[in-house]
Participant: 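Take this structure first; my questions come after.
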2 protein chains.
Amino acid sequence: MTGSGQGKTPHCPVGRVLGLRERKKLEAWRTIRSTALRLISECGFDAVSVEDIATEAGVSRTTFFTYFRSKEAVVYDLDPQELQQWRELLADAPGDEPLWEALTGLVLSLAELLADRLPLQKRLFQQSPELCDSSRDVCDSFGPDLREWVARRTPDGDELHAALVINTAFAAFNTAIEAWDPDDSFDHFLDLARDCLRLAGGGLARSVS
Amino acid sequence: MTGSGQGKTPHCPVGRVLGLRERKKLEAWRTIRSTALRLISECGFDAVSVEDIATEAGVSRTTFFTYFRSKEAVVYDLDPQELQQWRELLADAPGDEPLWEALTGLVLSLAELLADRLPLQKRLFQQSPELCDSSRDVCDSFGPDLREWVARRTPDGDELHAALVINTAFAAFNTAIEAWDPDDSFDHFLDLARDCLRLAGGGLARSVS
DNA sequence: TAAAATTCTGTACTGAGTTCAGGTTCAGGT
DNA sequence: ACCTGAACCTGAACTCAGTACAGAATTTTA
């Protein structure tokens, strides 16, 4: 907190240094998010209003909505730094693997990125089904990036195939989340996700019954 | 409108006769629905309020919400009679076909059931993306039935597989809806849906690239 | 035709999300 | 250090979706 020898020279090993403004912004984001998750996990999603969250986080209701576009978003959105990691994952993804395999890898990496928040999120989903519903395609933070990544790897004129691949991968991932018990280990969740992706990619028509 | 010789004897060929109460209810449902679709397709989903719809349909705002659980529902929900047809389809579905094939057939039948409203709906989706998002799993009317149908055909302990199959089928169906141009023929949509279902069921990992 | 059951309506409320004018804080140049 | 413009935060006022409820109107039944 007390300016510790970071005078003028940007020695920061990872990325560039953040100005005061940006640091405060990130801090505010995290304060709001953690306050929200705490209140919501204590009282339930519906029992907590945006006003409650804002007040408790020491910020105005209006400010809440400049950070999060909806009340649900505060549960779903990726931390800005996680988002950056996710973008790096996408950028570094190998270009020679078959599409579905590469996609499987990405989705599993994403899961690991979310690891610490997933059990809580799953518990919130169990509490309020409507929250669960709205999560479907409000993969606001990573969805668009991933779509673009797939599109870039898709030969022209096969947008249908690209869309199908993405939607199916999401379906598999969501199925794993639905099936997972948050009291089980995270590795168990990864196994579930792997299974779902393998089955969905490998041909459901061919599987048992 | 003027009671036309339906005195007391229920001669109605299809199902049992409806009492005055039930007839009025169905009529009100359809008035609200068609009014809503007309207004919304004229002005856009966001530009029309529930109040507008209710007033124009000659009914109170409160009544609107006894018929439709949300503003979106008035776009999605199945007509009560269509819902009945859909249930009959489920009941009559052959039990010997492999699961994925049977499911494909059902989904395609469902599409035909929705045929006349689909172009309009697709146009509305294009107008307001948020409406589109919310449609994901707000398959409120037929979703639960279909899930139950699949569950009944699934051996015990394989709920994961059942969920995966359903979610993947929805993903394929939604992909077809997304890709479809409502100015194209409905048959073209059916072809798209068929393709998506075949690909998703047949193994995306095996397909090109 | 009277009583019982349903349905409709107006009113009032909560809470999400937006807009906006004005105040506060930060960044960069002098 | 100071000034200026830009970014940011805030409170207030607003729209609209969705819910609760009490009483009026209508349909059913007996």
Side-chain angles (χ1 to χ4, degrees), chain A residues 3 6-8 10 16-32 35-36 39-40 43-77 80 128-131 133-134 138 140, chain B residues 3 6-8 10 16-32 35-36 39-40 43-77 80 128-131 133-134 138 140:
Chain A
Q6 192 164 290
K8 268 178 178 173
R16 56 181 178 58
V17 253
L18 303 168
L20 213 201
R21 206 142 226 174
E22 276 168 311
R23 248 181 299 133
K24 279 201 170 180
K25 218 171 150 181
L26 184 56
E27 195 193 352
W29 192 97
R30 288 186 172 146
T31 305
I32 298 174
T35 306
L39 290 181
I40 291 176
C43 316
F45 186 77
D46 298 320
V48 175
S49 72
V50 171
E51 178 119 39
D52 296 336
I53 298 171
T55 304
E56 186 80 9
V59 107
S60 86
R61 218 175 68 88
T62 311
T63 299
F64 175 95
F65 282 109
T66 69
Y67 282 92
F68 300 94
R69 68 164 46 129
S70 70
K71 189 185 171 188
E72 284 87 31
V74 84
V75 177
Y76 302 136
D77 275 6
S128 64
E130 31 170 297
L131 179 63
D133 283 350
S134 66
V138 189
D140 267 343
Chain B
Q6 190 165 292
K8 267 178 180 173
R16 54 179 179 59
V17 253
L18 304 167
L20 212 201
R21 208 143 228 175
E22 276 168 311
R23 248 182 298 135
K24 280 200 167 179
K25 217 169 151 182
L26 184 56
E27 194 192 354
W29 192 98
R30 289 186 171 147
T31 304
I32 297 175
T35 305
L39 290 181
I40 290 177
C43 316
F45 187 77
D46 298 321
V48 175
S49 72
V50 170
E51 178 120 39
D52 295 335
I53 299 170
T55 305
E56 186 79 10
V59 106
S60 87
R61 216 175 69 90
T62 312
T63 300
F64 175 95
F65 282 108
T66 68
Y67 281 93
F68 299 94
R69 67 165 48 133
S70 69
K71 190 185 172 189
E72 284 86 31
V74 84
V75 176
Y76 302 136
D77 276 6
S128 64
E130 32 170 298
L131 179 63
D133 282 352
S134 67
V138 188
D140 267 344

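So you know, we letter chains A, B, ... as the sequences are listed, proteins then strands, and number each from 1. Keep in mind that what you see is a predicted model, and the values were worked out from it rather than measured.
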Participant: Considering non-hydrogen atoms only, spot the tightest contact between A:Lys71 and A:Val48 and give its length.
Facilitator: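 So the two residues come closest at NZ-O, 2.7 Å.
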Participant: Starting at atom CZ of B:Phe64, determine the distance to atom P of C:dT11, rounded to an integer number of angstrom.
Facilitator: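 Value for this atom pair: 20 Å.
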Participant: Could you please name the option among C:dA16, D:dG18, D:dC16 that lies closest to any side-chain atom of A:Lys71?
Facilitator: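 My answer, after comparing the listed nucleotides, is C:dA16.
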Participant: All N/O contacts under 3.5 Å from nucleotides 21-25 of chain C to the protein, with atom names and distances to one decimal?
Facilitator:
{"residue": "C:dT25", "atom": "O2", "partner": "A:Arg21", "partner atom": "NH2", "Å": "2.8"}

Participant: Write down the atom of B:Tyr67, the atom of B:Ala28, and the distance for their closest heavy-atom approach.
Facilitator: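 Between these two residues, the closest heavy atoms are OH-CB, 3.5 Å.
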Participant: Over how many whole Å does the gap from A:Asp52 atom CG to C:dG17 atom P extend?
Facilitator: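 One finds 14 Å between P of C:dG17 and CG of A:Asp52, rounded.
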Participant: From CZ of A:Phe68 over to C1' of C:dG17, roughly how many Å is that when rounded to an integer?
Facilitator: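 Between C1' of C:dG17 and CZ of A:Phe68: 16 Å.
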Participant: Atom CZ of residue position A:Arg30 - does it have more than 12 heavy atoms of other residues, nucleotides or ligands inside 6.0 Å?
Facilitator: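 More than 12 within 6.0 Å, yes.
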Participant: Is any side-chain nitrogen or oxygen of A:Tyr67 closer than 4.0 Å to OP1 or OP2 of D:dC9?
Facilitator: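 For D:dC9, OP1 or OP2 has a side-chain N or O of A:Tyr67 closer than 4.0 Å.
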Participant: Could you tell me how far apart A:Phe65 (CZ) and D:dC8 (P) are, to the nearest whole angstrom?
Facilitator: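 From A:Phe65 CZ to D:dC8 P: 19 Å.
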Participant: State the NZ-CH2 distance between B:Lys25 and B:Trp29, to the nearest 0.5 angstrom.
Facilitator: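 If we round to the nearest 0.5 Å, B:Lys25:NZ and B:Trp29:CH2 are 13.0 Å apart.
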Participant: Atom CD of A:Glu27 and atom CD1 of A:Ile32: how far apart are they, to the nearest 0.5 Å?
Facilitator: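 So the CD of A:Glu27 and the CD1 of A:Ile32 are separated by 11.0 Å.
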Participant: Within the 4.0 Å heavy-atom criterion, would you say A:Ser49 contacts the bases, only the backbone, or no part of the nucleic acid?
Facilitator: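 Sugar-phosphate contact only - A:Ser49 comes under 4.0 Å of backbone atoms but never of a base.
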Participant: Looking at C:dT9, I'd like to know if its phosphate oxygens (OP1 or OP2) sit under 4.0 Å from a side-chain N or O belonging to B:Ser60.
Facilitator: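 It does, given that an N or O in the side chain of B:Ser60 lies less than 4.0 Å from OP1 or OP2 of C:dT9.
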Participant: Do you know the tightest heavy-atom contact between A:Phe45 and A:Ser128?
Facilitator: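 Of all heavy-atom pairs spanning A:Phe45 and A:Ser128, the closest is CB-OG, 3.7 Å.
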Participant: Do you know which two heavy atoms are closest between A:Phe64 and A:Ser70, and how far apart they sit?
Facilitator: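 What the structure gives for the nearest pair is CE2-O, 3.9 Å.
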Participant: Which atom names give the shortest non-hydrogen contact between B:Ala47 and B:Asp52, and what distance separates them?
Facilitator: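 Smallest interatomic distance, heavy atoms only, reads O-OD2, 4.0 Å.
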Participant: In this structure, how many angstroms lie between the C1' atom of D:dA6 and the NZ atom of A:Lys25, rounded?
Facilitator: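 After rounding, the gap between these two atoms is 13 Å.
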Participant: To the nearest angstrom, how far is A:Trp29 atom CH2 from D:dC8 atom P?
Facilitator: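 It works out to 16 Å between those atoms.
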Participant: Would you name the heavy atoms of A:Ile53 and A:Leu39 that are closest together and state the gap between them?
Facilitator: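 Closest heavy-atom pair between A:Ile53 and A:Leu39: CA-CD1, 3.9 Å.
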Participant: To the nearest angstrom, how far is A:Arg69 atom CZ from C:dG17 atom C1'?
Facilitator: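 After rounding, the reported distance stands at 13 Å.
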Participant: Taking the nucleotide of DNA chain C with the nearest heavy atom to each, does A:Glu51 or A:Thr62 sit closer to the 5' end?
Facilitator: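 Mapping each residue to its closest nucleotide by heavy atoms, the 5'-most match is A:Glu51.
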Participant: Examine the base of D:dG11 for any acceptor or donor lying under 3.5 Å from a partner atom in the side chain of A:Arg61, and report the outcome as yes or no.
Facilitator: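 In this structure, the two groups form no donor-acceptor pair.
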Participant: Which ranges of DNA chain C pair up as stems, where a stem means three or more consecutive Watson-Crick or G-U pairs with both distances under 3.5 Å?
Facilitator: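 In DNA chain C, stems of three or more pairs: C:1-30 with D:1-30.
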Participant: Rounded to whole Å, please give me the gap between CG in A:Asp46 and C1' in D:dG18.
Facilitator: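 Computing the A:Asp46:CG to D:dG18:C1' distance gives 12 Å.
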